[in-house]
Amino acid sequence: MKRHLSRAAWLLLLSLAVVTPVAAQPAGELTVALSSLSTETLDPVLGGHIGKFYLSLMFDYLVGVTPTGQLSRDGGIAWRWEASPDSTRWTFHLRKGVKFHNGDELTSEDVKFSITRAMGKRSTTGYAGTLRQLVKDIETPAPDRVVIVTKEPTVIIPSYLSRVLSTEGMILPKKYLESKGDDVLVRAPVGSGPYRFAEQVSGSHIKVEAVPAPHWRVGVPRFKTVTFKIVPEETTRIAMLRRGEADIVEVSRDRMREVQQAGFTIHVRKEDAHIDGWWIQPWDQTPLRDKRVREALNLALDRREIAATIFGGMAEPASVPFGLSWAFPDIKFKITPDLVYAFDPNRAKKLLADAGYGNGFTTDIYAFQLPGLSEGKTLAEAIAGYWQKIGVQARLVPVDYPAFRKAWFDRSAPGALGYYNVANRDWIGTYAIVEKYTHPSNKSASMRDPEIDAMVEAVLHQTDRERVNALIRNILVRLRTEHLGLPVVYLHTPYAASKKAAKWNPGTVMYELNLDELVSTKP
Amino acid sequence: MRRFVLTRIVQSVVTLLVLSLMVFLLARATGDPLSLVLPLGATQEDYENARHYLGLDLPLSVQYVKFIANAVRGDFGISLRVRRPVVDLLWERFPNSLALAAVSMALSLALAFPLGVLAAVHRDRALDRAAKIVATLGQALPTFWLGIVLIEVVAGRLQWLPAGGTGDLSHYVMPAFTLAWFVLAGIMRLLRSSLLEVLDSDFVRTARAKGVPEAGVVWRHALRNALIPVVTFAGVYFAILVTTAIVVETVFAWPGMGRLAYEAITARDFPVIQAVVLVTALVVVVANFTVDLLYVYLDPRIRYG
């Protein structure tokens with residue numbers, strides 16, 4: 001009898017084990033090996049947006065985005081937001097029950113604290129200046145409601161506080177910072193994201209671990225830990241992928257196919273960056289003041305050849321200065337045939353002659369490499385070669401990027417060419433970057449065009465989205481027709497992945513890698 | 001001896017002060033770190049705020065005195081790039097460099113001693129010629145090339161060893177070997193030539209005449225006398241391995257002092273640059289001092305003071 005009872009008990013237990021769903025648990029690790037983690041700063045307000053991809057696993061944004069950069073009610077702390085009729089009061093309704101990693105509940109006070117801190121004097125975030133200019137007050141009528149009051153009507157508030165742009169929208173724990181000190185985040189960051197901080201060794205790695213409970217953003221995090229490793233040498237990254245020491249690695253356009261042939265999946269962020277050249281201000285005393293000269297310098301470039309040879313076919317010709325293509329669907333902009341620069345050295349020579357530079361002139365090109373643009377110096381040499389063919393003697397100035405940036409900001413080399421692999425971005429990002437390169441008060445201004453200045457100013461205070469779109473379209477057309485820069489190519493960025501990340505869309509959000517998709521177990 | 005030690009300490013302090021002043025001024029001559037710390041669209045007000053917050057608005061003399069006063073207490077300020085105390089970064093990186101340098105040096109010495117001695121004893125014979133090839137290759141092969149080939153073959157193709165980063169002993173093998181080969185070549189050649197010179201001296205001939213076995217002559221009498229130049233070389237190279245193995249640290253993703261220096265220089269991170277240079281100088285001073293003390297042990301005729 002006893003034996004029968006015991007057997008029945010075992011059978012019961014067994015049947016329970018079969019029918020009771022066992023809660024999924026995070027398992028294994030995901031390792032991402034990249035050439036750089038930028039500043040490696042763990043405080044969203046002190047680092048800058050290039051480190052967004054690792055910070056956004058630890059922190060939640062006020063406004064979320066889809067992998068293609070559309071504002072999303074599912075991906076942020078705010079599940080709904082609306083503007084007052086005059087667009088000066090933006091009300092955000094916050095998710096209830098969201099907890100920081102230290103157990104504190106996330107409320108409107110944290111949101112107010114975070115935005116105020118992002119706009120504060122210590123902040124080095126990308127777009128704090130614009131927010132300072134716009135925001136008049138932040139009200140917290142209820143723990144789950146926050147109201148941002150602006151000085152003037154605007155539609156850009158949700159985008160500026162979203163994951164699509166910089167880090168101003170990351171929500172930080174007020175009580176934690178107030179009790180532990182304002183510097184605590186760089187040592188022990190506490191956010192409310194699906195992963196919490198585990199370890200940082202500068203120059204080596206940043207490791208985060210899954211939160212113990214299912215997270216509203218991704219469900220039960222798929223991996224127990226995610227590690228971001230700094231591996232500057234590509235051969236080392238590829239060897240790590242082969243040995244299983246890394247699951248996602250940054251590969252060069254040169255070696256992409258070799259890695260693919262070895263059986264790894266290649267994920268490409270198409271048109272990830274736009275290579276833009278610009279001239280150091282003030283260039284109104286140089287030949288560049290003549291529009292024909294600027295057009296000639298553009299027509300001298302064979303962009304197809306550059307894309308095919310220097311970038312191994314992993315690039316497409318570009319035509320519009322700061323024409324960031326991920327914004328085009330938003331603003332309904334298209335590159336029409338008349339905007340495309342032909343490769344036409346003969347017409348370039350004629351334009352130079354018409355402008356009084358038939359014998360050419362001499363100019364400088366700063367030559368440097370950049371993270372994600374190891375081909376930088378080769379590109380500078382190629383541009384010098386193309387210009388030489390139309391009679392323009394370009395001297396290469398080999399420097400590192402900080403030295404160029406000093407010359408650019410100090411305006412100590414008027415008319416010299418510099419360049420950058422500008423991260424592709426949506427409409428608000430495009431607006432923000434154009435503002436940085438055009439606004440007269442910015443050290444980074446590389447052009448002087450009152451018409452563009454007026455349109456940039458108008459965007460900030462325009463409340464009709466269609467008019468905003470039209471303004472940005474007109475800015476792009478003006479940049480192109482006045483030849484206010486040297487757009488070169490759109491650059492694709494490949495990543496090689498192991499089986500763990502074989503199905504993964506790195507998305508089209510600036511400085512993000514859409515790792516939420518990889519760590520998510522939500523259907 | 002005490003006078004010697006005191007003199008060396010005073011000399012070292014003066015050296016460190018002069019060096020710190022040079023680095024302090026040179027680092028500031030290469031560019032404004034704020035242009036890298038602040039975003040593109042930062043306003044003049046943003047620059048002034050940051051300059052004030054980071055203490056860069058103070059007169060240079062005040063900045064220098066503050067830097068020295070804090071450095072004496074072990075406070076090197078806050079990194080402009082990572083925004084963490086510089087001393088934390090040094091604590092993370094220095095042990096990695098020290099460990100890699102120690103393993104590399106141990107490997108170099110373990111191989112260089114027998115090879116150098118055998119090459120000297122078997123001068124111009126096959127073994128000597130083989131050692132010469134090893135030495136030539138060690139000094140001729142660029143470390144970045146050797147490192148990359150090792151990673152590609154041993155880690156990438158054969159998958160025997162980790163490709164990069166720190167960890168258990170297996171992580172040390174390739175970077176330590178890459179560093180060690182270059183140093184081993186130098187030590188071996190130096191030991192060979194030094195030993196050949198000693199083997200030709202009167203006291204060695206006397207020992208042989210007295211019937212001391214050849215092994216005893218070489219290992220017990222000659223070798224000790226041949227070690228002074230080798231110790232000097234090894235001491236200097238140990239300091240170099242600890243502080244400036246930038247190439248090997250980059251190739252093997254090894255978070256050490258060399259890469260910290262490189263990262264700081266490219267970001268114009270003054271506090272880190274200053275701290276790294278001071279630590280580097282300190283390591284060189286300590287290494288040289290240790291070498292001086294070893295001289296006394298190796299050659300009792302040497303007396304300081």
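Numbered from 1 within each chain, the chains take letters A, B, ... in sequence-line order. For the numbers below, each heavy atom of this structure counts, side chains included, while hydrogens, waters and symmetry mates do not.
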* Asked: What residues, two or more places apart in sequence or in another chain, satisfy ring-ring contact (aromatic ring centres under 6.0 Å, His included) together with Y420(A)?
  ->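 Partners of Y420(A) by the ring-ring contact (aromatic ring centres under 6.0 Å, His included) criterion, ordered by chain and then number, come out as Y401(A).
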Structural part of [X] lying under 4.5 Å from a heavy atom of chain B:
{"X": "R132(A)", "value": "side chain"}
{"X": "I238(A)", "value": "neither"}
{"X": "Y127(A)", "value": "neither"}
{"X": "Q200(A)", "value": "both"}
{"X": "S38(A)", "value": "backbone"}
{"X": "D410(A)", "value": "neither"}

* To do: Tabulate, in ascending numerical order, the residues of residues 144-161 of chain B having at least one heavy atom closer than 4.5 Å to a heavy atom of chain A, or enter 'none'.
  =>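 Expected list: I148(B), I151(B), E152(B), A155(B), G156(B), R157(B), Q159(B), W160(B), L161(B).
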* chain A contact residues among residues 82-97 of chain B, heavy-atom distance under 4.5 Å ->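 So far as heavy atoms go, V82(B), R83(B), R84(B), L89(B), E92(B), R93(B) are the residues that approach chain A to under 4.5 Å.
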Out of [options], which one racks up the most heavy-atom pairs below 4.5 Å with chain B?
{"options": "A407(A), S444(A), G129(A), S202(A)", "answer": "S202(A)"}
{"options": "E435(A), E233(A), K229(A), R242(A)", "answer": "R242(A)"}
{"options": "K121(A), H205(A), R405(A)", "answer": "R405(A)"}
{"options": "R187(A), M240(A), E40(A), R122(A)", "answer": "R122(A)"}
{"options": "A128(A), P232(A), S204(A)", "answer": "P232(A)"}

Mark yes when over 12 heavy atoms from residues, nucleotides or ligands other than [X] sit less than 6.0 Å from its [atom1]; otherwise mark no.
{"X": "R257(A)", "atom1": "CZ", "value": "no"}
{"X": "K443(A)", "atom1": "NZ", "value": "yes"}
{"X": "Y262(B)", "atom1": "OH", "value": "no"}

* Between W254(B), F252(B), Y47(B), which shows the greatest number of heavy-atom pairs under 4.5 Å with chain A? ->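 Highest number of pairs under 4.5 Å: Y47(B).
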* Against chain A, work out which of P255(B), A163(B), A253(B) has the most heavy-atom pairs shorter than 4.5 Å and name it. =>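 Max contact count across the listed options: A163(B).
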To the nearest 0.5 Å, what is the distance between [atom1] ([X]) and [atom2] ([Y])?
{"X": "L46(A)", "Y": "L80(B)", "atom1": "CG", "atom2": "CG", "answer": "11.5 Å"}
{"X": "D400(A)", "Y": "I265(B)", "atom1": "CG", "atom2": "CD1", "answer": "10.0 Å"}
{"X": "Y53(B)", "Y": "T124(A)", "atom1": "OH", "atom2": "OG1", "answer": "10.0 Å"}

* **Residue pairs fulfilling salt bridge (Lys or Arg N to Asp or Glu O under 4.0 Å) with at least one residue in residues 159-171 of chain B, sequence neighbours excluded** =>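 Residue pairs passing salt bridge (Lys or Arg N to Asp or Glu O under 4.0 Å), neighbours aside: none found.
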* Any idea which heavy atoms bring G164(B) and E245(A) closest together, and the distance? ->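 Shortest heavy-atom separation between G164(B) and E245(A) comes out as O-OE1, 3.7 Å.
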